[in-house]
Number of protein chains: 2
Amino acid sequence: MSKHGKLKIIPLGGLGEVGKNMTAYEFNHEILIVDAGIMFPRNDMLGIDYIIPDYEYLRGKANKVVGIVITHGHEDHIGAVHHLLNDIPAPVYATPLTLGLIEGKLARNNALGKASLNKVKAGGSVEVGSFKVEFFHICHSIPDAVGLGITTPAGLVVHMSDFKFDHTPVDGWQTDYAKLSEFSRRGVDLLLSDSTNSERPGWTPSETVIGPAFDKVFTEAKGRVIVATFASLISRVQQVADATAKHGRKMALAGPSMIDNVKIARKLGYLEIPDELLVPIDQALKMQDHKVTIICTGSQGEPSSIVGRLSAGTNRQFDLKPGDTVVLSSHPIPGNEEAISQTINRLLRRGAQVIYDAVAPVHVSGHASQEEQKLLFNLVKPKHFIPIHGELRHLKRHAQLAVEVGIPEEGVMVVENGQTVELSGGRIKLGERIPGGYVFVDGESIGEIDHDIMRERGKLARNGIFLIDISVDKLNGRLLHEPEIITRGFVSPEDAEALLPEVRKHIMDVVNNNGWESEKDIANAVRSYLYEETKRRPMVLVTLSKG
Amino acid sequence: MSKHGKLKIIPLGGLGEVGKNMTAYEFNHEILIVDAGIMFPRNDMLGIDYIIPDYEYLRGKANKVVGIVITHGHEDHIGAVHHLLNDIPAPVYATPLTLGLIEGKLARNNALGKASLNKVKAGGSVEVGSFKVEFFHICHSIPDAVGLGITTPAGLVVHMSDFKFDHTPVDGWQTDYAKLSEFSRRGVDLLLSDSTNSERPGWTPSETVIGPAFDKVFTEAKGRVIVATFASLISRVQQVADATAKHGRKMALAGPSMIDNVKIARKLGYLEIPDELLVPIDQALKMQDHKVTIICTGSQGEPSSIVGRLSAGTNRQFDLKPGDTVVLSSHPIPGNEEAISQTINRLLRRGAQVIYDAVAPVHVSGHASQEEQKLLFNLVKPKHFIPIHGELRHLKRHAQLAVEVGIPEEGVMVVENGQTVELSGGRIKLGERIPGGYVFVDGESIGEIDHDIMRERGKLARNGIFLIDISVDKLNGRLLHEPEIITRGFVSPEDAEALLPEVRKHIMDVVNNNGWESEKDIANAVRSYLYEETKRRPMVLVTLSKG
């Protein structure tokens, strides 16, 4: 069967992480979208709730989109599904657990009605337009995750989303090595694969190493055990439940996302938690401390999470007690290190025992390290390779590994979001460049926050504002009364008391001596004066009325 | 010699890191200060240049301060000397290199004239009031660092500032183990010691492991080698110079702090760099690329540093070229991870080879790991122990190590900044609590920025401002003209165009229908309206004139 046609690979989304939250494939004017996730903002993205991929290119071809395939149920892969479906109402394909989590999300966003949701089991396949998509099981820190074999007339692409080669996964379900070998026999024209841990030598430990660590924590805990993790880290929830049962405790779920996800995963059979192990949180709070496990969110130090509020003493339903053991069972997302460290210190200050990855192996990565990445190359033997899921530093390292393993250098292509690649005639080359950025979501508004607004916020944040309201006589231009001044985030009230009369005098001089033509001149004069006096540069705004 | 009197230990300063930038000892109304450093602000400390310890307590007793001892020349130990001397003009004692770096700092801040600077060599001692202070050499990532044996009538305290037990230090100068043993024989009543790496198992690698890593980098580099590190990491500068010489290159220094520090260290004999190895930067830029090493600052991704500007393409003196190799030879300071990662990605995008600690051992920590910390306990055999230099999480871990090694639990005291400890009658107990926070330095102003201002800046940063200027008729309270509105950091100009006419109408309704008594009522009405429309909460300010 000779190959023909041109497949365009479109990496999108993610905050500098290529193809992290979305990748698309275009063949013959048909488009297949893989994943639709969100990212959390960087520290310098002020006031932003989260970020979604800029899929402007796809929106412009919405009627060409034949399907949306989701690889697994983590937020960075499903979190933007309701935004995407709003613009591109294509059928969604995913495995049962992933689909269950998507349903939950759509329901919470009142977007369930219109969606066409289609179940495909790992090992199964589906034909979507010209794309034949084979779903095969891979291990990750959530059950029912899949990689994709995507066959088009232009060739076979293997799309590895987040994965690790875990030989003893929590659910006992191994990666489908046979399928990877089968692809290899059929001939893989292009591999895309997870670069997250490409800087990490060796092999990522199995999820099950956490078992003994939890066992130790539960053995030593004198009071309640409070475990914080991601609500979508379903495998971790299973492990906490197992430890809870083994140590004769009961488990309570705290927080709506945790309760929702556990409910869905239990209903679908991906979590084995007997009814009698679970107690409602209000009942747990009345039980003896050493009989209780609470599992909740907040492992990233988010101030509004349960653990965040516990550390600050502002949680409504219950407080931390001396004797509590708090386990942070996740790794810091880059940028969250400070917040997590502060949370740990606050919890310690309140007398809790705190267990986190630096003191005990209560978390392992869900992503393949270098030896696993190399094994994948050797299993799949792709002709071409595009590293995805990582920042440029990770992609470059991953590309280097591919070359070390024997993939020819000219077959490895490092691209960034929006840089398309074309597979045709069994070769790859750079395609057109399309928008590949991200879109801010702040409150209910999407995409209305742009980089100019962010810059203004940054400026406000650094030195505050200095606001002057003046009224002048429309005939002679002289001040009608003393300028009114409001400052925020600039100087303390005591300093303002000393500074403001002088500034007022200065403004009156400028205005009454006609040293100005517009508000801008007054603002500039004040700006210089303030810098002279304080060496700070607040944003100076002038409002002027003529009377 | 029986012990008598009461020694008060006063941990100060550092951003949650106990005693990091300053510790004081008070005996019989005499005070000895150890170190006077700065810290860099956390990401949520908007617009702050740096932070110094709040030494309010000491300022109130300035005339009692008999001396200031500095343990080594890093910024977090010397950076606030000019601020401190301004308030407390006491004599300063330090080793030659440390003193040289302090002189440089005072000169740059026009504060050299008044200072009394006293040289004490490692191995020497000085009597300052009732304090006998013995300086003994320790290894760290800067030469001429010391620990202190502080003898008072109340007992002997060993104060270990930043240290590691490096068996092959760059300058060949070992830690003074003999002195530590001598203290042990004399009987150490209290040890204070560096907790930075208390979560790190094992033994910190020697500084010399960097040699082979640099050797490999220089061997493989086809063009210029640009090494970024801290200007005060003098040992690293020596290593870069050695690699430069070995590979037949010349070295240029870029940036005033690097040039200053190297000059001082060479003059004092702590850096062995022959004249002919150095070339001025403008000459280096004209040489063949493979003959050039440039050493500069910016290893923390600081946008205003040379490497920060190179990565952004905004460096004035020279640009990055494809073929350049950039080495980031330092570890991320917590909170800088995002900025560093962005810098690495930008440098890669510009075609540079980038070498950083995740891909090659071009940096090692300057701080003792757990096995070294345990060795210190066993060498010194202190009766009591207070962990310093670390956040609460590090102190708790360090305390746990002390107990594991055999120091009785009741002899180990974890305290935070401002919580004094008293040593008297051979025992320690908690003393009074004094101010132990930190003071923001922003522009030329010190301490005028408080947490209220920071909160205001945070609020401005999250949602921007919405400013309304209205003029009303003083007789009937009706608007004299349409409200003037200015927004910053809130919505885009296009969105403002749609939103503002409606807001204006809303304000006119409120005002003209007398639905208000003060500006506050108008602000509240607008706040609700804006939240309804945008789900954002900008800071709303109203100025009002009556005409």
Side-chain angles (χ1 to χ4, degrees), chain A residues 16 42-44 46-47 199-200 334-335 337-338 341-342 344-345 348-349 354 356 358-359 391-393 396-397 416 442-445 448-450 452-454 456-465 467 469 471 480-481 484 486 488-492 495 534-536 539 541 543-545 547, chain B residues 16 42-44 46-47 199-200 334-335 337-338 341-342 344-345 348-349 354 356 358-359 391-393 396-397 416 442-445 448-450 452-454 456-465 467 469 471 480-481 484 486 488-492 494-495 534-536 539 541 543 545 547:
Chain A
R42 281 203 312 260
N43 283 315
D44 58 355
L46 302 162
E199 290 177 355
R200 196 184 289 200
E337 294 86 351
E338 274 185 350
S341 216
Q342 282 192 68
I344 292 171
N345 292 330
L348 288 168
R349 206 168 284 137
V354 188
Y356 47 99
V359 300
E391 299 173 32
L392 195 50
R393 57 188 275 185
K396 291 256 187 189
R397 190 78 187 83
E416 294 202 79
D442 174 15
E444 287 205 344
S445 44
E448 294 163 14
I449 302 286
D450 58 16
D452 287 338
I453 297 184
M454 210 54 66
E456 284 184 354
R457 288 183 180 177
K459 193 163 161 32
L460 287 167
R462 278 190 298 279
N463 286 309
I465 53 162
L467 162 63
D469 179 40
S471 308
L480 287 171
H481 50 73
E484 193 186 340
I486 300 177
R488 290 287 186 279
F490 172 50
V491 293
S492 65
D495 291 333
T534 66
K535 291 286 177 286
R536 294 183 211 164
M539 188 180 279
L541 299 173
T543 56
L544 173 79
S545 19
Chain B
R42 279 202 313 260
N43 282 316
D44 59 354
L46 303 161
E199 290 177 355
R200 195 183 289 201
E337 293 86 352
E338 275 185 350
S341 216
Q342 282 192 69
I344 292 170
N345 292 331
L348 288 168
R349 206 167 285 137
V354 188
Y356 46 99
V359 300
E391 298 174 33
L392 195 49
R393 58 189 274 184
K396 291 257 186 188
R397 191 77 188 87
E416 295 201 79
D442 174 14
E444 287 205 346
S445 45
E448 293 163 14
I449 302 285
D450 59 18
D452 287 337
I453 297 183
M454 209 53 65
E456 285 183 352
R457 288 183 179 177
K459 193 162 162 30
L460 287 167
R462 277 190 298 279
N463 285 310
I465 54 162
L467 164 63
D469 179 39
S471 308
L480 288 172
H481 49 73
E484 192 185 340
I486 300 177
R488 289 289 187 278
F490 172 50
V491 292
S492 66
E494 304 81 57
D495 291 331
T534 66
K535 292 285 177 286
R536 295 183 210 164
M539 188 181 279
L541 298 173
T543 56
S545 20

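Keep in mind that what you see is a predicted model, and the values were worked out from it rather than measured. Proteins get letters first, then strands, A, B, ... in listed order; numbering begins at 1 in each.
- The contact between A:Glu199 and chain B is made by backbone and side chain atoms together, counting heavy-atom distances below 4.5 Å.
- Of the atoms belonging to A:Thr543, heavy atoms from both backbone and side chain fall under 4.5 Å from chain B.
- Heavy atoms closer than 4.5 Å to chain B are found nowhere in A:Arg200, neither backbone nor side chain.
- Contacts between B:Leu541 and chain A at a heavy-atom distance below 4.5 Å involve the side chain alone, from C-beta outward.
- A:Ser471 OG to B:Leu480 CG: the interatomic distance, rounded to the nearest 0.5 Å, is 10.0 Å.
- Side-chain N/O atoms of B:Ser545 and A:His481 include no donor and acceptor closer than 3.5 Å.
- Heavy atoms of B:Asn463 lying under 4.5 Å from chain A belong to its backbone as well as its side chain.
- The candidate with the highest count of non-hydrogen atom pairs below 4.5 Å against chain A, out of B:Leu392, B:Ile486, B:Asp452, is B:Leu392.
- Heavy atoms closer than 4.5 Å to chain A are found in the side chain of B:Leu467, but not in its backbone.
- Per-residue counts of heavy-atom pairs under 4.5 Å with chain B were compared for A:Arg457, A:Glu456, A:Glu337, A:Arg462; the largest is that of A:Arg457.
- With rounding to the nearest 0.5 Å, the separation of CG in A:Asp469 from CG in A:Leu544 is 8.5 Å.
- Chain B forms more heavy-atom pairs under 4.5 Å with one residue of A:Arg397, A:Gln342, A:Lys459 than with any other, namely A:Gln342.
- In this structure, chain B has heavy atoms under 4.5 Å from both the backbone and the side chain of A:Leu348.
- With respect to chain A, the highest number of heavy-atom pairs below 4.5 Å among B:Met539, B:Arg42, B:Glu416 belongs to B:Arg42.
- Summarising the geometry of B:Arg536 relative to B:Val491, their closest heavy-atom pair is NH1-CG1, 3.7 Å, with the distance given to 0.1 Å.
- If you measure heavy-atom distances from B:Glu484 to chain A, the contacts under 4.5 Å come from the side chain alone.
- Under the 4.5 Å side-chain criterion, counting only non-hydrogen atoms from C-beta, B:Phe490 is not in contact with B:Asp495.
- Of the two parts of A:Asn345, the backbone and the side chain both hold a non-hydrogen atom closer than 4.5 Å to a non-hydrogen atom of chain B.
- Interface remark: A:Arg488 contributes backbone and side-chain atoms alike to the contact with chain B (heavy atom separation under 4.5 Å).
- With a 4.5 Å cut-off on non-hydrogen atoms, B:Glu494 does not touch chain A at all.
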### Message
I'd like to know whether B:Lys396 forms a side chain to side chain contact (heavy atoms under 4.5 Å, CB included) with A:Val354, so could you lay out the CA-CA distance, the side-chain angles of the two residues, the decisive distance to 0.1 Å, and finally the verdict.
### Response
CA-CA 10 Å; B:Lys396 291 257 186 188; A:Val354 188; over 6 Å; no

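- By the 4.5 Å heavy-atom criterion applied to side chains, B:Ile453 and A:Ser492 are counted as neighbours.
- Residues satisfying the side chain to side chain donor-acceptor pair (under 3.5 Å) criterion with A:Ser341, sequence neighbours excluded, are B:Glu391, B:Arg393.
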